[in-house]
Amino acid sequence: MSELAKAYEPQDVEKKWYAAWQAAGCFKADENSDKEAYAIVIPPPNVTGILHLGHVLNNSIQDILARRARQKGKEVLWLPGTDHAGIATQAKVERELRETEGKTRRDLGRDEFLKRVWDFKDKHGDIIIKQLKRLGCSCDWDRERFTMDEAYTKWVSQTFVDLFNEGLIYRGKRMVNWCPVSLTALSDEEVIMKPSKSKLFTMKYELVDSPGEFIHISTTRPETLMGDVAIAVHPKHPKYAKWIGNKVKRPFPEAEIPIIGDDAVDLEFGTGALKITPAHDKVDFEIGLKHDLEIIDVLHPDGNMNTPDLPEFDGLDRFVARRKATAKLEEMGLLVGVEEYENNVGYSERGNVPIEPRISMQWFLRYPEVAKSTEAVASGDITFRPARWAKTYAHWMENLQDWCISRQLWWGHQIPVWYKKDKLDALKNAESLETKDAAAGDIYVGVEPPTDGDWERDEDVMDTWFSSWLWPFATMSGVGESSATLKKFYPTADLVTGPDIIFFWVARMIMAGYRFEDQLPFKNVYFTSIIRDLKGRKMSKSLGNSPDPIDLMDKFGADGLRFGIMRIAPMGTDIRFDESSVEEGRNFANKLYNACRFRQMDGNEFAPLPAAKGLPVYHIQVMAKLDQLATDLEGIYGEYRFGEIAQRLYEFLWNDFCDKWLEAVKADLRESATAEARAAALGTFDAVMSRYLQLLHPYMPHVTEELSERMNYVSEGEFVMSKALPETALLAELSAADIEAADKQATAVYEAAGRLRNLKAEYNLGSSKDVRFIFKGAAASLSGEINVLALLAGASEILTDDTYEAPKGTPAAVTPVGEAYMPMEGLIDVEAERTRISKEIEKMQIEVKKSEGKLGNASFVDRAPPEVVVQEKQRLEDWKTKLAQLGEMLDALK
RNA sequence: GCGCGCUUAGCUCAGUGGUAGAGCACAUCCUUCACACGGAUGGGGUCGCAGGUUCAAUCCCUGCAGCGCGCACCA
């Protein structure tokens, strides 16, 4: 026996093989290959991020797809890279700056700050890449991209320029979602609605012309009262409608503001009257536009009050001001009531504070190729899995709002727009800027800076997603080029990502694909599950419920982690993650390793497979099952049911191969066995195991590579990962009838062994080895299988004797190969045995009754499919036979 | 409010219009020369509730309940 540790130690093995694959160039994609192309682009993780379980699931699936595609003879490109993640990265560096130097980014200035971010990126940028390598990801690392690479940046700018020239990008003064912490605008998708406990304040404004009469108004934001420019009531309001056209007194700062009618006001809600603050609410803003109302902005960008006319509020935090305004209203006798109230408040994803609707100058995009992109998914040109996400996609596409693409950040792709210096003020404040303004020469929009004249560049950068949406092709070529890589690998085959970024990324990539490459970017989108903890909560850093995948890999190996997580990953629903599943993955790798270790007791020379004809039925059966597994997996891969694939691989190895076959052939490998028997067993082992390792490889790449080498299943310098899957079945030469006969007989023996073990356990002889069994009325086929049966059942001896007269009370069982008796000298308890058999009879009688009832039902016999009826009849016959045998046994005990 | 998903063994989840499954956990036995990260045996489920379709429903349909998610301008 070779010097193999008893338990599989994955750590060094995994490291070794990853290095070997890389050194041999196994991950490299050849754009000049004749083979059919298969491409995936990685959803680029944040450059400064660290690996979490979501990444593990997502990238394991991609790796499985990529490795399987290689085995199927495809030319595979799995293109990796990272995303600059504007807000997230900038926030990290700003925090570090604040904590270590007590400075803000403005203290450093733009250039110096950006230098710091690049430093930070260089320092932390490859952490997640290293972690992906640890996981075994077979990406073509030579093609790694970053969304702020020089070439990529050019693509982003060119895209801006093109869309601007096309009239799809414009600048305008709009109500946007403003993050008072990051001090930037956000897109609608970056706002997270959270149910929040608020207070609904009801206050009253006095009518100017009817002193003593009041309009009651409910609001959750009394601090914006200073920005009120009107009161809106529903035109059909029973009490207030008559006052439309009148004015009320705004308490502070004092002003007279009009009462207007607008059916946007909900009669049912609050008092049916609404204060209008166009600067701080989207609905109010629209009502304001409709009624041509003034816009009074009472907040600074950081969310503090901006009310120079009202010094007592000026500069206060918005939430402090809210309490103060409430108190003041109360003091003035204008506060009517306060009630607890639950509403949805929009939060900034990054800042984790309520966003502030704010009017500001921003760049917007009217989405291109909307109709084509909507149709692509609806028609099935792009397949979504699970399919239901197509509906979510369609709904979003039908309700598209222009995309606010500018961000008031420094880290990112700066907007490629320059303003003429002598017209700077006018241009900066212009209500809108679009194609014609560039034509007039006041602004310059281009990839390269203007060469003549005095210009100043727009300070904003673009939304990170404005670079991500170009990912599938911008990673493969330069601007406007058609590189060999692009030609070979675009469009990509599969995209694997989370459903949470269907709008952020997937939908936008489809539109960009059509717009810039005139083709869809991918054919299949597989949406992964969201991983939750056992309580069903999302994994998050703040909850501390997110296990570190690196720890898990240290403990259980990358293969264990991959397999464990894949086996519990259902399609379509969330996963409740538990470490025990990873432990099972580790155990599985160990089981596999030990099965091979067992084989290696007989050396590790690849044993040739003897002719199938004449092999023991167990060998034929296990090979047939392997063939079936290979066929089935092909179909399941086609349906992207990754969890099921893992489960099938698990069941075959553990149940069919180890528990049954390996136990059954142990006799053939003993010293006493014949050379033929040994050769057949070893040949079968190697034939099955070598193929099985290939099938398992995408899920557990390292251990399968290791074992294939140790067992000499691959030749010198060859890798399992790049070895083609065999195309013919192991048993291709054998007829279906022969296979079926062998399968039936092997199954009968396994079943009989189960019965005998069961009998032993009943009498507490579970572990005893000197139990004898005597078969009466044994099937003819039994004679050749007696040794195996004895081995499986843990019996010292099995005899057949049709004349055997069992002493009364001898434990007995009905098996598929005959009645079995377990003689027990001196230990016989007639009563116990009768009870046991009676119980079995009872169970069987219930089955028979059920079956007879069914067959006695004319409607069933007439209307059920004939094969179902035949099946049922066969079943009844079997029950009856067994029942009769049991009956005889019981009689014998009388 | 609209839409979507989930509800099966103590736990995590498969599954099928025709005899309820796995892993873990539990109980009993086994340190048998591949594996205790193991082997054997066993207990445990009116398949969320109520109707309907069907010869037959855990599965299909309707309604309800609970949980979760997404979308939405209710101040």
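Worth knowing before you read on, the calculation uses all heavy atoms, side chains too, and leaves out hydrogens, waters and symmetry mates. Here the structure is a predicted model, which is why all the values come from computation and not from measurement. A, B, ... follow the sequence lines: proteins, then strands. Residue 1 opens every chain.
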> Side chain of A:Glu872: nearest nucleotide among B:C55, B:A34, B:G18?
Replying inline: B:G18
> Of all the nucleotides listed (B:C37, B:C35, B:G18), which has the minimum atom distance to the side chain of A:Asn594?
Replying inline: B:C35
Quiz: residues 848-855 of chain A side-chain donor-acceptor pairs under 3.5 angstrom, not counting sequence neighbours:
unit_1: A:Ser851; atom_1: OG; unit_2: A:Glu872; atom_2: OE2; d: 2.7

>> For a quick check of understanding: with a heavy-atom distance under 4.0 Å over all strands, which category does A:Glu847 fall into, base, sugar-phosphate or nothing?
In response: base
> Is any side-chain heavy atom of A:Asp262 closer than 4.5 Å to a side-chain heavy atom of A:Pro235?
Replying inline: no
> Pick the nucleotide of RNA chain B nearest each of A:Asn587 and A:Phe577; which residue has the one closer to the 5' end?
Replying inline: A:Phe577
>> Using a heavy-atom cut-off of 4.0 Å across all strands, would you classify A:Pro499 as base, sugar-phosphate, or nothing?
In response: nothing
> What does nucleotides 40-48 of chain B look like as a protein-contact string, B for base, S for sugar-phosphate only, - for none, at under 4.0 angstrom between heavy atoms?
Replying inline: SSS------
> Taking only side-chain nitrogens and oxygens of A:Arg388, does any of them come within less than 4.0 Å of OP1 or OP2 of B:C4?
Replying inline: no
> When you measure from the side chain of A:Arg532, which nucleotide among B:G38, B:G18, B:G68 comes out closest?
Replying inline: B:G68
> What does A:Arg586 touch in the nucleic acid at a heavy-atom separation under 4.0 angstrom: a base, only the sugar-phosphate, or nothing?
Replying inline: base
> Is any side-chain N of the basic residue among A:Arg678 and A:Asp668 closer than 4.0 Å to the acidic one's carboxylate O?
Replying inline: no
> Among all residues two or more places apart in sequence or in another chain, which pass the salt bridge (Lys or Arg N to Asp or Glu O under 4.0 Å) test with A:Glu847?
Replying inline: none
> Would you say the side chain of A:Phe563 lies within less than 4.5 Å of the side chain of A:Arg586, judging by non-hydrogen atoms?
Replying inline: no
>> Is it the case that atom CZ in A:Arg755 sees more than 12 heavy atoms from other parts of the structure closer than 6.0 Å?
In response: no
>> Does B:C4 have its OP1 or OP2 closer than 4.0 Å to a side-chain nitrogen or oxygen of A:Lys391?
In response: yes
> Where does RNA chain B form stems of at least three consecutive Watson-Crick or G-U wobble pairs, each pair having both distances below 3.5 Å?
Replying inline: B:1-7 with B:65-71, B:10-13 with B:21-24, B:26-30 with B:38-42, B:48-52 with B:60-64
> Nearest nucleotide by nearest heavy atom, which residue falls closer to the 5' end of RNA chain B, A:Glu651 or A:Lys854?
Replying inline: A:Lys854
> Contact class for A:Lys666 vs. all strands (heavy atom < 4.0 Å): base, sugar-phosphate, or nothing?
Replying inline: base
> Salt bridge between A:Glu223 and A:Arg318, side-chain N to carboxylate O under 4.0 Å?
Replying inline: no
> When you check the gap from the basic side-chain N to the acidic O, do A:Asp656 and A:Lys625 get nearer than 4.0 Å?
Replying inline: yes
> Once the angle between the rings of A:Tyr240 and A:His237 is folded into 0 to 90°, is it parallel (under 30°), tilted (30 to 60°) or perpendicular (over 60°)?
Replying inline: parallel
> Is the shortest side-chain N to carboxylate O distance from A:Lys660 to A:Glu663 below 4.0 Å?
Replying inline: no
> Between A:Lys6 and B:C35, does any side-chain N or O lie under 4.0 Å from OP1 or OP2?
Replying inline: yes
>> Can you classify the ring geometry of A:Tyr8 versus A:Tyr593 as parallel (below 30°), tilted (30 to 60°) or perpendicular (above 60°)?
In response: tilted
> Can you list the residues that meet the side chain to side chain donor-acceptor pair (under 3.5 Å) rule with A:Asp632, with sequence neighbours excluded?
Replying inline: A:Gln628, A:Arg648
> NA contact type, A:Trp654, heavy-atom cut-off 4.0 Å: base, sugar-phosphate, or nothing?
Replying inline: sugar-phosphate
>> On the nucleotide B:C55, are OP1 or OP2 found under 4.0 Å from the side-chain N or O atoms that A:Arg863 carries?
In response: yes
> With sugar-phosphate meaning primed atoms plus P, OP1 and OP2, does A:Glu663 contact a base, only sugar-phosphate, or nothing at under 4.0 Å between heavy atoms?
Replying inline: base
>> Can you measure A:Arg597 atom CZ to B:C33 atom P for me and round it to whole angstrom units?
In response: 12 Å
>> I need a per-nucleotide contact map over nucleotides 70-75 of chain B, read 5' to 3'. Cutoff is protein heavy atoms under 4.0 Å; write B for the base, S for backbone only, - otherwise.
In response: -SBBBB
